[in-house]
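Here the structure is a predicted model, which means the values were calculated and not measured.
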Amino acid sequence: MAIDRPDGSSIASLRGQLRSVWDGAHALMRRADDLYWREYDVWPTPALNQRRPSYRPSTPANIVDHASDAQVAYEPRFHRDLPGDGTQQQSDADFIEKWMSDVFSEAARHEMFNPFKQAGRHMLQYGYTAMIGPVLDYSDQPKEPKQRSGESEEEFAERRSAFRIAENNWFPIRMKAVHPGSVLMHPQEKTPNLAIVKDKKFVVDLERLTTSKKRLKGTLQWRRDIGMKDYDVVAVEEFWTPEWHSLLLGDSSDVLYTERNLLGYVPLVHGFSGFGMGRMSDYGSDPSYLAVGLLRHVDQSIVAEAQAKTASLNMHQSAGWPMRGAPDEQSASEYARRVATDEMLVGQREQFWVENVGQMSQWMFEAQRDVERDIIAGTYRDAISGGREPGVTTVGQQAILTNAAERKFIGTQEQLEHMASVVASRCLMLADRMGGMAVRRRRLRPSQIHRDYGIRARFELIDPIIQLQRREM
C-alpha cells in the first residue's frame, strides 16, 4: 500500500516505535560486543574491578572467529529454474547463473569487506544480520567525452577509446552488510516495507551529497558548523519505503532531502541466526529472544573462566615474584639493594624470608575445566575448527564428530542463502527494467530473463584438500 510523502515528524514517530521494539535486542548486542572485544567487567562490583587484577582470555573472539572461518561460506553458487521448455531456455538459465556469480563478485570488489562474509559474522556474534542491496550507484559512471576546441582527432579518438573501456567495466550495483544495531525494521518480515538505517558520513561527503540533491523539492541545504573539518563525522539516518527515500540528520526530525524510490522496493533484507526461540510471554514477538548469537548462553561461563584464569595467573606471578621480608627498615633496604645488584646476602637465614605462596589444588584446575567444558557445550565442539577430540584416533571418528557439530550451523547457512536469493532476484529485476546490464563484459538482455526473476543462491563450503583430490582423480 502506497503511503504519503514522509515528513520529519512521521519518520521520528516510526523511529520511536521501532526503537522500543528493538531496544532489548540492541542492549544484548552491546553486551556481545563487550565480550568479543574483551571489555567486560571480570568482577561483580566497580570496587573489586578497580582493586583486583583482571585477565580476559581470548575465548569469546575465538568462538566467533573460528566458527566464521570454518562454517561461513561467502561465494554463492546460483541455480535458475527453466522458465520454459527448450534449448534456448536452458542456455538462458545457464547464462544467468554465470552472470549472477559475476554480479556478486563484482559488487563485493567495491566493498571494504566481503558482504556475505561480514553478514555471516554478524549472524554468529549477534544472532541477527542485515544487508543493503541491490542499490544503484551512478557516482562513478563514465561520461562520454566531447571533442575540445583545438583537440586533434587522434587525441579525441584516444579519449573515446578510454571511455568505451571504462563504460564496459562500469558496474552500478552495490550491496553491503550493515551493522545489525544500525537498522530498525519489522522483526517478522524477511523483506520489510519500511526501514531506518543509521549511518555516519564525513562532512565533505555529506556536503557533496546534499548539493547533488538540491534540485529536489524541500531539500535542506546542509552546511557544516564553524570549526568542522572535512573528515569529521556527522550522524545521519536513511528512511526507506517502496515509494520514498529520505535522509535525515541522526536521531532528529530534520529531513535533508526526500526523493522517489525508483527501485520500487526497500533495499534491505534481514534474518535471525536460528539459535533463539520466542518466549510464551510475548508470543514469540520480542527480537531479543530471536537475535541469539553464539556468546549469549555462555556469557556467565566466559566471566567465570576469566575469574578463574585471573586467579591462576595471579598465583603464578606471586610464586615467581614473591614478596620478601626483613626484620627492620635498614635490613630491608640493604636486602633490596643486594638483590637488585645480584650480590651475596650477608646474615642469618632466619633474618630474611620469602612470602609463602599457597599451592594450587587439583580441584581448582578441575573447576576451571568444568567451566571450559560448559563453554564448549554451549557453543560448538573443537572439531568444528579443526581440533581433534580427546580419545579420537581415526579419521572416521573425527569425521562423525565434525559432521554432527556442523549441524548446528545449517539453519544459519540457510538464512544467508535466503537473503542472497532475495538480493539476486532483485538484481534480475533491475537488469530487466534497465534494458539489460553488463558485468565483466557479460551482458544480460531482458529477452534472456523472460520476466521471471526467480533464482536460488547456495553457499557451499569447499574443502581445498578434497577439491584437489577430485582434480587428480
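A distance of 12.0 Å separates CZ in Arg442 from CD1 in Ile96, rounded to the nearest 0.5 Å. Note that CG of Asp432 is 9.5 Å distant from OG of Ser447, once rounded to the nearest 0.5 Å. With rounding to the nearest 0.5 angstrom, the CH2 atom of Trp240 is 12.5 Å from the CE atom of Met185. Distance CG/Leu295 to CE/Met29: 13.0 Å, rounded to 0.5 Å.
Ionic pairing of Arg279 and Asp286 is not present here: no N-O contact between side-chain nitrogen and carboxylate oxygen is shorter than 4.0 angstrom. Using a cutoff of 4.0 Å between basic side-chain nitrogens and carboxylate oxygens, Asp251 and Lys198 are not scored as salt-bridged. Taking 4.0 Å as the cut-off between side-chain N and carboxylate O, Arg456 and Asp81 count as a salt-bridged pair. Ion pairing between a basic and an acidic side chain is recognised when a charged N comes within 4.0 Å of a carboxylate O; Glu237 and Arg15 show such pairing. Salt bridge status for Arg208 with Asp205: present, with a side-chain N to carboxylate O gap under 4.0 Å. Between Arg369 and Glu372 no salt bridge is recorded (no basic side-chain N to carboxylate O distance below 4.0 Å). Under a 4.0 Å N-O distance rule, the pair Glu39/Arg31 does not qualify as a salt bridge.
At distances below 3.5 Å, not a single donor-acceptor pair connects side-chain atoms of Trp99 with backbone N or O atoms of Asp94. No donor-acceptor distance shorter than 3.5 angstrom exists from the side chain of Arg174 to the backbone of Pro134, with no hydrogens or angles considered. With hydrogens and angles ignored, the 3.5 Å screen pairs no side-chain donor or acceptor of Trp43 with any backbone N or O of Gln50. Although no hydrogens or angles enter the test, the distance criterion places a donor-acceptor pair under 3.5 Å between the side chain of Asp232 and the main chain of Lys229. A donor-acceptor contact shorter than 3.5 Å links the side chain of Ser273 to the backbone of Val292. A donor-acceptor contact shorter than 3.5 Å is absent between the side chain of Arg19 and the backbone of Leu14. Using modelled atom types, no side-chain atom of Ser68 and backbone atom of Val64 make a donor-acceptor pair closer than 3.5 Å. For the pair Glu238 (side chain) and Leu247 (backbone), a donor-acceptor distance under 3.5 Å is absent. No donor-acceptor pair under 3.5 Å is formed between the side chain of Ser425 and the backbone N or O of Ser421. Formation of a donor-acceptor pair under 3.5 Å by the Thr241 side chain with backbone atoms of Trp244 is found in this model.
Contact record, Arg51 with Leu48: NH2-CD2, 3.0 Å, taken as the closest heavy-atom pair.
Under 3.5 Å, the side chains of Ser105 and Arg440 contain a donor-acceptor pair of N or O atoms. Between the side chains of Asn114 and Gln118, no donor-acceptor pair is found at a separation under 3.5 Å. Asn193 and Glu189 form no side-chain donor-acceptor contact under 3.5 Å, judged by distance and modelled atom types alone. Using a 3.5 Å distance cut-off with no hydrogens or angles, the side chains of Trp170 and Asp140 do pair a donor with an acceptor.
Within 6.0 Å of NZ on Lys176 lie no more than 12 heavy atoms contributed by other residues, nucleotides or ligands.
Looking at heavy atoms from C-beta onward, Ile63 lies in side-chain contact with Tyr380 at the 4.5 angstrom threshold. Side-chain contact between Val234 and Val203 is present, with heavy atoms from C-beta onward closer than 4.5 Å. Residues Leu209 and Lys201 have side chains in contact (heavy-atom distance under 4.5 Å, counting atoms from C-beta outward).
Under the 30°/60° scheme for interplanar angles, the aromatic rings of Trp22 and Phe272 are found to lie parallel.
Cation-pi check for Lys214 over Tyr257 is not met; the charged atom does not lie both under 6.0 angstrom from the ring centroid and within 45 degrees of its normal. For the pair Arg56 and Tyr40, the distance from NZ or CZ to the six-membered ring centre is under 6.0 Å and the angle to the ring normal is within 45 degrees.
Within the structure, side chain to side chain donor-acceptor pair (under 3.5 Å) contacts touching residues 122-131 (residues at least two apart or in different chains) are Asp33-Gln125, Asp33-Tyr126, Tyr126-His179, Tyr128-His270.
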| message | Run the side chain to side chain donor-acceptor pair (under 3.5 Å) test on Asp7 and Ser10 for me, step by step, so that the C-alpha distance in whole Å, both residues' side-chain angles and the decisive distance to 0.1 Å come before the verdict. | response | CA-CA 6 Å; Asp7 56 25; Ser10 64; 2.9 Å; yes
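You'll find the ring centres of Phe116 and Phe459 inside the 6.0 Å limit.
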